[in-house]
There are 2 protein chains.
Amino acid sequence: MNIRTLCLGFLSMQEASGYEIKKELESGKFSHFADASFGSIYPALTQMQAEGLLTVRSEEQSGRPDKKVYAITEMGLVALAKNLSVIPARDKFKSEFLFEMLFQKFLSKEHMDLVIEKQHADLTEDLARIEEKRRSNEHNNLGEGPRFVMGYGECIFRAAIGFLEAQCPRLKKSKNQAAE
Amino acid sequence: MNIRTLCLGFLSMQEASGYEIKKELESGKFSHFADASFGSIYPALTQMQAEGLLTVRSEEQSGRPDKKVYAITEMGLVALAKNLSVIPARDKFKSEFLFEMLFQKFLSKEHMDLVIEKQHADLTEDLARIEEKRRSNEHNNLGEGPRFVMGYGECIFRAAIGFLEAQCPRLKKSKNQAAE
DNA sequence: TGATGCATGTAATCCGTTACATGATTCA
DNA sequence: TGAATCATGTAACGGATTACATGCATCA
């Protein structure tokens with residue numbers, strides 16, 4: 001799945017500028033399984049607008065550069081549906097963390113502790129983000145899609161955190177301290 | 001973590017040819033969190049050999065092209081240790097599956113069923129591979145590293161499979177049928 | 001006889017990131 | 001005053017994949 005499809009998908013849920021898409025990709029519903037940089041988002045939006053998949057509207061802002069708000073068109077929706085109709089490629093999971101753990105015999109105790117703690121912190125942050133989203137949206141009922149994706153993420157992050165804490169009991173202690 | 005480090009890591013455990021590295025990356029201990037293609041492995045090996053990080057030995061084979069077996073040198077081990085001493089980048093998880101699920105309202109029921117079944121099959125395959133490795137190595141005690149990495153993988157694959165089966169009870173049924 | 005596996009390698013190409021350029025505002 | 005946030009965009013670069021080229025053996 002390329003950046004074009006990613007942007008189309010995003011814009012099928014809400015209008016947004018390139019800047020907003022990038023920010024939401026970092027912290028929103030997509031954050032744990034997709035991302036992109038400005039250098040790829042901006043050209044993609046310009047291009048798709050030229051192709052008629054999107055419309056633009058310039059929003060003036062006091063003391064800020066104009067914001068270009070993009071919205072998806074009928075043609076854009078058709079393109080999105082088409083891109084979604086292929087069998088997805090196998091998940092790609094790249095983990096430098098696991099790579100280092102595999103070769104932990106070359107690592108110092110201090111480095112390993114640091115690395116494991118970082119991994120635990122990252123996972124906890126990811127999980128917290130999902131749970132926050134869930135809480136903030138529990139009044140307006142989410143669609144099936146977002147609910148499924150959040151559930152999936154929640155479930156694997158919980159499992160990974162559980163594994164780390166089972167392997168390194170000290171992680172659990174610091175968690176309890178934080179809760180007090 | 002780049003392909004050079006990946007190859008160094010692999011060769012720190014066993015001598016191998018480029019072809020063998022690729023095959024083992026597809027199905028071995030690394031398979032769920034790293035991969036690479038011939039087009040990147042071969043040049044990396046040639047280059048690192050020229051730099052003195054590896055040695056080569058040509059193995060003649062009847063009716064087959066010669067096999068170039070690479071082994072890591074002292075310098076290679078030092079380079080590996082250095083590459084491992086950095087704080088790992090955050091895990092990158094790219095899932096076209098979750099992307100499609102997020103936009104399932106644009107999908108037909110048939111397509112969704114297909115996609116979910118594929119995901120279930122992929123995860124089951126990954127889990128089976130880890131469990132097979134574990135069984136085949138239970139006599140000779142594995143190092144800490146491989147045990148940790150396998151445990152981590154097992155744990156997240158189990159969690160993901162569990163989630164899918166909880167969401168789609170029909171998956172569980174077909175699994176039981178296969179076990180009979 | 002045609003696909004698949006073993007075995008290596010190069011070149012073209014793609015896709016995306018990083019860095020750079022610009023510029024106003026707000027907060028410390 | 002310097003950093004961070006908002007906001008858009010381009011160009012250089014990197015890193016890896018895909019396709020191509022070669023060739024023998026085996027299996028269906």
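From a predicted model like this one, the values you see are computed outputs, not experimental measurements. Below, chain A is the first sequence line, B the second, and so on; all start at residue 1.
Remark on the helix from C:dT1-D:dA28 to C:dA28-D:dT1: inter-end axis angle 40°, axes from five-pair C1' superpositions, rounded to 10°.
Side chain of A:S95 to backbone of B:F33: no donor-acceptor contact under 3.5 angstrom is found. Judged by distance alone, with hydrogens and angles left aside, the side-chain atoms of B:S17 form no donor-acceptor pair with the main-chain N or O of B:K67 at under 3.5 Å. In this structure, B:E165 contributes its side chain and B:G162 its backbone to no donor-acceptor pair below 3.5 Å. Put simply, the side chain of A:K118 gets close to the backbone of B:P88: a donor and an acceptor are under 3.5 Å apart. Remark: side-chain polar atoms of B:Q104 are paired, donor with acceptor, to backbone N or O of B:M101 under 3.5 angstrom.
When distances run from any side-chain atom of A:K68 to the nucleotides D:dT10, C:dT8, D:dT8, the shortest one goes to D:dT8. You'll find that the side chain of A:K67 is closest to D:dT8, out of D:dT8, D:dG9, C:dG9.
OP1 or OP2 of D:dT8 has at least one side-chain nitrogen or oxygen of A:Y42 nearer than 4.0 Å. An OP1 or OP2 oxygen of C:dC6 is reached within less than 4.0 angstrom by a side-chain nitrogen or oxygen of B:Y19.
Annotation: proximity of residues 20-41 of chain A to DNA chain C (heavy atom, distance under 4.0 Å) is found for A:A36, A:S37, A:G39, A:S40, numbered in ascending order. Applying a 4.0 Å cut-off to non-hydrogen atoms, the residues of residues 2-13 of chain B that approach DNA chain D are B:N2, B:I3, listed by residue number.
At a threshold of 4.0 Å, the pair B:K92-A:E96 does not count as salt-bridged, since none of the basic side-chain nitrogens sits closer than that to a carboxylate oxygen.
At whole-Å resolution of the value, CD in A:Q47 and P in D:dT8 are 18 Å apart. One atom, CD of B:Q49, and another, C1' of C:dG9, lie 15 Å apart when rounded to the nearest Å. Atom CG of B:D66 is separated from atom P of D:dG23 by 15 Å (rounded to the nearest Å).
For A:L171 against A:I116, the heavy-atom pair with the smallest separation is CD1-CG2, 3.9 Å.
Between A:F38 and A:Y19, the ring planes lie parallel to each other; the angle is under 30°, not in the 30° to 60° tilted range. The aromatic rings of B:F97 and A:F148 sit perpendicular, their planes meeting at an angle over 60°, well past the 30° parallel limit.
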### Message
Apply salt bridge (charged side-chain N to carboxylate O under 4.0 Å, His left out) to residues B:K22 and B:E26 and explain how you reach the verdict.
### Response
CA-CA 6 Å; B:K22 159 84 171 162; B:E26 273 168 13; 3.1 Å; yes

### Trace of the salt bridge (charged side-chain N to carboxylate O under 4.0 Å, His left out) decision for A:D126 with B:R90
CA-CA 11 Å; A:D126 283 332; B:R90 207 185 179 104; 3.1 Å; yes

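Both B:Y70 and B:K94 lie near DNA chain C, and the one whose nearest nucleotide falls closer to the 5' end is B:Y70.
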